[in-house]
Protein chains: 2
Amino acid sequence: MKTPRPTSFDVAERAGVSQSTVSRALRNSPGVNAETRARVAAAARELGYVVDRHASSLRLKSSETLALVTVCRPGEDRSAINPFYFALLGSIAAATSARGFNLLVSFQESAANFRADFVASGLADAMIVIGTTSNRAAWDYFAAAQATGLGFVCWGSPGDPFHWMRSDNGTGGGLAADHLVASGRRRIAFVGPQRSPQRQFDERREGFTAALAAHGIPPILVEPPAAADRHAQGVAAAHALLAAHPDVDAIFAASDMLALGVLQGLKEAGRRVPQDIALIGFDGIRAGNMADPALTTIEPDLDAAGEALVAMALEDDDFTHSGTRIPVRLAVRGTA
Amino acid sequence: MKTPRPTSFDVAERAGVSQSTVSRALRNSPGVNAETRARVAAAARELGYVVDRHASSLRLKSSETLALVTVCRPGEDRSAINPFYFALLGSIAAATSARGFNLLVSFQESAANFRADFVASGLADAMIVIGTTSNRAAWDYFAAAQATGLGFVCWGSPGDPFHWMRSDNGTGGGLAADHLVASGRRRIAFVGPQRSPQRQFDERREGFTAALAAHGIPPILVEPPAAADRHAQGVAAAHALLAAHPDVDAIFAASDMLALGVLQGLKEAGRRVPQDIALIGFDGIRAGNMADPALTTIEPDLDAAGEALVAMALEDDDFTHSGTRIPVRLAVRGTA
DNA sequence: CTGAAAGCGCTTACAG
DNA sequence: CTGAAAGCGCTTACAG
């Protein structure tokens with residue numbers, strides 16, 4: 001596994017040129033004779049030579065690498081991470097790779113593995129932080145890191161001091177409300193955190209209630225009971241809602257995981273979806289599409305989200321795009 | 001964003017020692033006076049100094065980084081990647097981080113972004129390749145890369161020349177068969193690729209049919225029709241199976257995504273699950289748990305898989321653990 | 001226990 | 001267009 005790797009000096013010797021010429025030829029610097037360049041390329045190929053990225057990065061003071069931190073729930077199994085974040089990770093990876101950059105990922109959940117030194121150590125040129133906003137300790141840690149001068153970009157809305165980007169939540173909430181009202185629903189509930197530090201849930205609720213108000217409908221607001229994860233919270237919330245408002249005929253859940261839990265709760269209670277109760281989620285996760293019926297949802301443009309996050313992290317030194325909204329659309333499927 | 005970072009010389013000056021002493025103190029080298037060490041640590045903290053990983057890696061010839069490549073289906077949206085691979089990615093990340101290593105991830109799908117030079121460039125110390133075995137071009141590329149001397153570890157069974165690790169598929173197939181027979185099923189089908197290069201599907205089928213044979217039951221074998229993804233293949237396979245064998249009373253699908261598609265197809269055809277037809281999948285993806293009814297499945301121990309893959313990639317220079325089987329268990333939920 | 005110095009493998013200003 | 005040389009920021013053998 002450990003044959004000493006060839007260096008640019010080995011390539012130089014084989015090509016019969018100096019080491020500096022090898023470097024120039026391989027970096028496509030201007031002013032290298034075409035024939036020389038070809039000879040160097042051939043020698044490099046024959047030797048299986050690849051530029052040492054550490055030496056190169058050290059010299060250039062840039063690593064062409066982006067660090068992506070995903071904040072997890074403490075104790076959460078890695079395979080249980082909200083699939084929305086995995087999907088966002090995928091779109092960030094695509095945007096990173098399109099720029100020829102590498103992506104360093106890190107899942108963090110507690111003081112035992114909090115780390116924000118990717119940029120400080122030169123490992124990465126910029127950092128993006130995504131993941132659950134429910135992990136207070138993690139966000140306090142990153143707030144402290146930011147206070148020391150480290151700039152990074154967040155998805156969601158963990159708090160005011162951060163540079164962030166998030167879905168156009170208000171518009172999404174409005175789309176959900178309009179769709180439910182247009183399909184004849186009148187006793188409409190919002191299931192989602194009301195007193196959370198997570199601004200995006202407030203925005204979804206506010207956009208939703210504002211649109212309902214325009215139709216003269218006051219929403220039923222349901223705070224999901226505490227539970228192991230969003231799905232379990234949704235199940236419990238459905239039962240609580242039905243107990244307090246048996247005549248509810250539509251529900252907008254603040255996230256798909258919550259909505260999938262609500263769907264299960266409604267079925268357990270013998271309610272038919274969408275005949276008895278219509279249901280709309282938020283996020284567009286794939287599992288929603290495989291639910292029965294398939295979950296109608298507000299779907300952010302994930303490709304746009306990944307692209308915008310990476311662009312802001314890598315190219316927008318002053319974070320002038322902080323606060324940008326990612327467009328959402330209503331994806332009508334089976335539940336509403 | 002670009003204040004010049006402090007170096008070990010800056011720390012040395014502040015602590016009133018030489019640069020070499022700073023390096024030793026910070027690396028916890030033996031033979032550094034405790035008081036000196038403390039002074040250096042304090043100076044580093046005050047300056048916000050972090051060791052430059054490129055300089056360090058260049059000197060040490062080791063990057064403490066693992067590269068993880070996920071092979072995708074060409075044209076596939078990043079958010080549509082089989083969630084099993086995201087879950088595996090998560091468990092690999094956990095095992096990597098437990099060793100204090102960094103994880104570099106790369107999603108690859110076509111010649112436009114094939115890359116295997118993470119180790120050759122010094123960026124990573126080892127490489128793991130996971131993802132769909134259906135992308136022939138990708139695996140040909142990695143086979144060629146391996147032929148040039150690059151060693152890496154794969155999940156699944158893309159082909160014989162690779163060092164691999166995979167689920168105990170045969171045992172899993174047997175568990176599925178025994179469970180179906182024990183619950184009284186007799187007209188039992190296997191839905192999964194029969195003529196694929198993907199050994200793990202063969203193994204699941206073989207373990208399944210062998211166990212069925214012990215009960216004197218011949219299986220109905222169904223090759224899923226070509227479709228956009230496994231889920232769509234499952235839907236189509238269910239319809240094809242019902243057309244050919246209307247009296248089928250149990251199905252074992254080669255993967256959860258396939259099973260979820262089968263479940264949808266069965267519902268479309270008006271069959272009740274599990275009353276009319278029992279269904280078992282393979283993989284233990286989270287979406288299966290949220291299906292209605294929740295999908296009974298064969299679940300590999302993902303934590304063990306991540307740990308074993310990372311250990312083999314990082315610590316097993318001769319790949320002596322190639323061929324290791326990850327244990328699986330039957331997770332009985334709603335569909336069987 | 002500590003310091004001066006070499007060297008890891010590059011990139012590029014400088015000189016020709 | 002090409003080469004000799006400096007220097008990126010570390011780690012560690014060598015000397016004291």
Side-chain angles (χ1 to χ4, degrees), chain A residues 2-41 43-44 47-65 117-125, chain B residues 2-41 43-44 47-65 117-125:
Chain A
K2 307 291 177 203
T3 318
R5 295 165 35 207
T7 71
S8 52
F9 285 90
D10 298 321
V11 177
E13 188 178 353
R14 183 172 194 111
V17 297
S18 74
Q19 182 270 338
S20 7
T21 296
V22 169
S23 180
R24 287 196 196 90
L26 262 24
R27 304 200 87 225
N28 290 317
S29 299
V32 176
N33 182 290
E35 194 269 328
T36 306
R37 190 185 301 275
R39 220 166 59 242
V40 169
L47 292 174
Y49 171 76
V50 178
V51 174
D52 184 303
R53 289 301 305 264
H54 295 300
S56 173
S57 293
L58 176 59
R59 208 35 254 249
L60 295 170
K61 288 170 161 288
S62 141
S63 58
E64 308 231 298
T65 298
D117 63 358
F118 302 100
V119 174
S121 67
L123 263 181
D125 298 330
Chain B
K2 306 292 176 204
T3 319
R5 293 165 36 205
T7 71
S8 52
F9 286 91
D10 300 319
V11 177
E13 188 178 353
R14 183 171 192 110
V17 296
S18 73
Q19 183 269 338
S20 6
T21 296
V22 169
S23 180
R24 287 196 196 93
L26 262 24
R27 305 200 86 224
N28 292 316
S29 299
V32 176
N33 182 291
E35 194 270 328
T36 307
R37 190 185 301 274
R39 222 166 58 240
V40 169
L47 291 173
Y49 171 77
V50 178
V51 172
D52 184 303
R53 289 300 303 263
H54 295 301
S56 172
S57 293
L58 175 57
R59 205 37 252 250
L60 295 170
K61 290 171 159 288
S62 142
S63 58
E64 307 230 300
T65 297
D117 64 357
F118 301 101
V119 174
S121 68
L123 263 181
D125 299 331

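So you know, we letter chains A, B, ... as the sequences are listed, proteins then strands, and number each from 1. Please read these numbers as outputs of a predicted model, since none were measured by experiment.
Pairing each heavy atom of Gly16(A) with each of Arg39(A), the nearest pair is O-NH2, 4.1 Å. Here the closest non-hydrogen pair linking Val22(B) and Ser8(B) is CG2-O, 3.8 Å. Contact record, Asn28(B) with Arg37(B): CA-NH1, 3.2 Å, taken as the closest heavy-atom pair. Shortest non-hydrogen contact noted between Val51(A) and Ser56(A) is CG1-CB, 4.0 Å. Pairing each heavy atom of Tyr49(A) with each of Thr7(A), the nearest pair is CE1-C, 3.4 Å. Closest of all the heavy-atom pairs between Ser63(A) and Arg53(A) is O-NH2, 3.0 Å.
Atoms CG and CZ, on Leu58(B) and Arg59(A) in that order, are 12.5 Å from each other to the nearest 0.5 Å. To the nearest 0.5 Å, the span separating CD on Glu64(A) from OG on Ser57(A) amounts to 7.5 Å. Atom CZ of Arg24(B) and atom CG of Leu26(B) lie 12.5 Å apart (nearest 0.5 Å). For the atom pair NE2 (His54(B)) and CG (Leu123(B)), the distance works out to 8.0 Å, reported to the nearest 0.5 Å.
Nearer the 5' end of DNA chain C, as judged by each residue's closest nucleotide, is the contact made by Pro30(B), out of Arg59(B) and Pro30(B). Along DNA chain D, the nucleotide nearest Ser29(B) and the nucleotide nearest Asp52(B) are compared for position; the residue whose nucleotide lies closer to the 5' end is Asp52(B).
For Glu13(A), the CD atom is loosely surrounded, since the number of other residues' heavy atoms within 6.0 Å does not exceed 12.
Taking the 5' to 3' direction, DNA chain D first and last meets chain A under 4.0 angstrom from a heavy atom at dC1(D) to dG9(D).
Residue Thr36(A) is in sugar-phosphate contact alone, with no base atom involved, counting any heavy-atom pair closer than 4.0 Å across all strands shown. Here Leu58(B) lies in heavy-atom contact (under 4.0 Å) with a base.
Contacts of residues 19-28 of chain A with DNA chain C (heavy atom under 4.0 Å): Gln19(A), Ser20(A), Ser23(A), Arg24(A), Arg27(A).
Stems are defined here as 3 or more consecutive Watson-Crick or G-U wobble pairs with pairing distances under 3.5 Å; those involving DNA chain D are C:1-3 with D:14-16, C:5-12 with D:5-12, C:14-16 with D:1-3.
dT12(D) and dG16(D) have their C1' atoms separated by 16 Å, with the value rounded to a whole Å.
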